[in-house]
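Numbered from 1 within each chain, the chains take letters A, B, ... in sequence-line order. These figures come from a predicted structure and were not determined experimentally.
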Amino acid sequence: MEKKITLILQNEEDTINLGRLVAKYVYPNLVITLTGDLGAGKTTFVKGLALGLNIKEKVLSPTFNILKCYFNKPLNLYHIDAYRLEDANKDIGLEEFIDGDGVCAIEWPMYIDEYIPTNRLEINLTHLNNNKREALISSNIDKLNDLFEALKG
Amino acid sequence: MYDLILDSSNSELLIAIAKDNNIIDRIEYEAWQRQSELMTFELDKLLKRNNIDKKDIDSILLPIGPGSYTGIRISLTIAKIFAYALNIKIYPFSSLQILKTIKKPSICLINARSGRSYIGVYDDENIILKDTILKNEEVIEYINNHPDYDVCGDLKYLNLNGKTNDKVLNMLTLKQYIKPLDSFHIKPVYLKD
């Protein structure tokens with residue numbers, strides 16, 4: 001069943017904490033798509049996700065690299081930024097990470113949509129003013145029901 | 001003179017040395033995403049512990065795909081540089097054919113992700129179905145239609161028990177049917193282009 005929730009994030013710390021909270025419910029193979037304008041907080045969310053997964057390495061935007069891997073126990077984190085893949089050759093092996101052994105966070109997913117399963121956790125971030133953001137979170141994955149319960153609370 | 005066998009086309013790292021079709025020594029373990037940092041180190045180790053000089057290698061055997069996009073190119077790059085430097089030939093194999101059972105028709109499978117599989121069907125050196133990519137439903141149907149064939153490979157992703165065969169032995173047995181090439185004439189096989 002489709003689940004949907006809208007949250008107001010007052011500042012960067014709220015975005016980080018959203019990432020930390022989501023980290024408690026992720027599992028191998030889960031894809032999180034992140035949409036929103038430049039500066040909306042997509043990479044900031046992934047920073048929080050990494051913190052929640054106990055990854056010590058600093059998370060930086062993979063806009064240039066396209067993919068960054070954070071090898072970590074018990075769960076690897078793969079961070080993709082598809083921004084530079086618009087109108088480019090997309091056949092570069094990303095499916096090994098999208099359908100892989102870790103959780104995969106994808107910024108600008110519309111440019112590699114054919115590689116992303118329809119079962120995904122979608123997070124759309126909108127810049128409201130100064131520090132404030134709106135997060136629209138939705139998914140049709142039943143396994144994530146508990147996450148949505150937690151987000152309500 | 002020795003055969004050098006390399007494979008990082010999937011999740012495994014495999015290096016072996018053979019002489020006159022007998023395996024002398026091998027290193028083989030799971031190294032998903034780590035093959036690039038480990039392979040040259042392990043290769044050096046294997047040669048040293050068998051007192052084999054690089055110059056005593058006269059052919060390289062390796063699978064060139066399909067498989068992991070990055071993995072295929074790791075062992076192939078190492079093989080090409082060796083072959084160029086030593087002026088020797090490379091025997092390129094299908095990553096699928098080397099999974100087969102000897103003397104039995106075999107459906108060989110590798111996870112291609114996104115609900116698809118790489119599939120090749122072989123009866124020793126004979127090709128029954130040329131390497132291709134199919135949806136997993138089509139693969140299951142093919143398996144069900146051929147109950148007398150072995151199903152080979154790591155098939156946990158299909159919830160099946162695939163048969164695991166010795167890739168090194170397969171390469172040594174099939175070598176006589178493979179045309180060796182120099183390092184400038186070998187291309188990786190991705191099947192997704």
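- Heavy atoms only, all atoms of each residue included: A:Glu96 and B:Gly67 are closest at OE2-O, 4.2 Å.
- How far OH of B:Tyr69 is from CG of A:Leu94: 9.5 Å, rounded to the nearest 0.5 Å.
- With respect to chain B, the highest number of heavy-atom pairs below 4.5 Å among A:Ile92, A:Ile98, A:Asn89 belongs to A:Ile92.
- When the shell of 6.0 Å around OH of B:Tyr84 is examined, it contains 12 or fewer heavy atoms from other residues, nucleotides or ligands.
- Within the 3.5 Å criterion, the main-chain N or O of B:Ala112 finds no donor-acceptor partner in the side chain of A:Glu95.
- Within a 6.0 Å sphere centred on CZ of B:Arg34, other residues, nucleotides and ligands contribute 12 heavy atoms or fewer.
- For B:Asn144, the CG atom is densely surrounded, since the number of other residues' heavy atoms within 6.0 Å is greater than 12.
- No more than 12 heavy atoms of other residues, nucleotides or ligands lie within 6.0 Å of CG in A:Asp37, so this atom counts as exposed by the packing criterion.
- Between atom CH2 of residue B:Trp32 and atom CZ of residue A:Phe71 there is a gap of 9.0 Å, rounded to the nearest 0.5 Å.
- In this structure a side-chain-to-backbone donor-acceptor pair under 3.5 Å is missing from A:Asp99 to B:Arg113.
- Open room surrounds CG on B:Asn87; 12 or fewer heavy atoms of other groups in view lie less than 6.0 Å from it.
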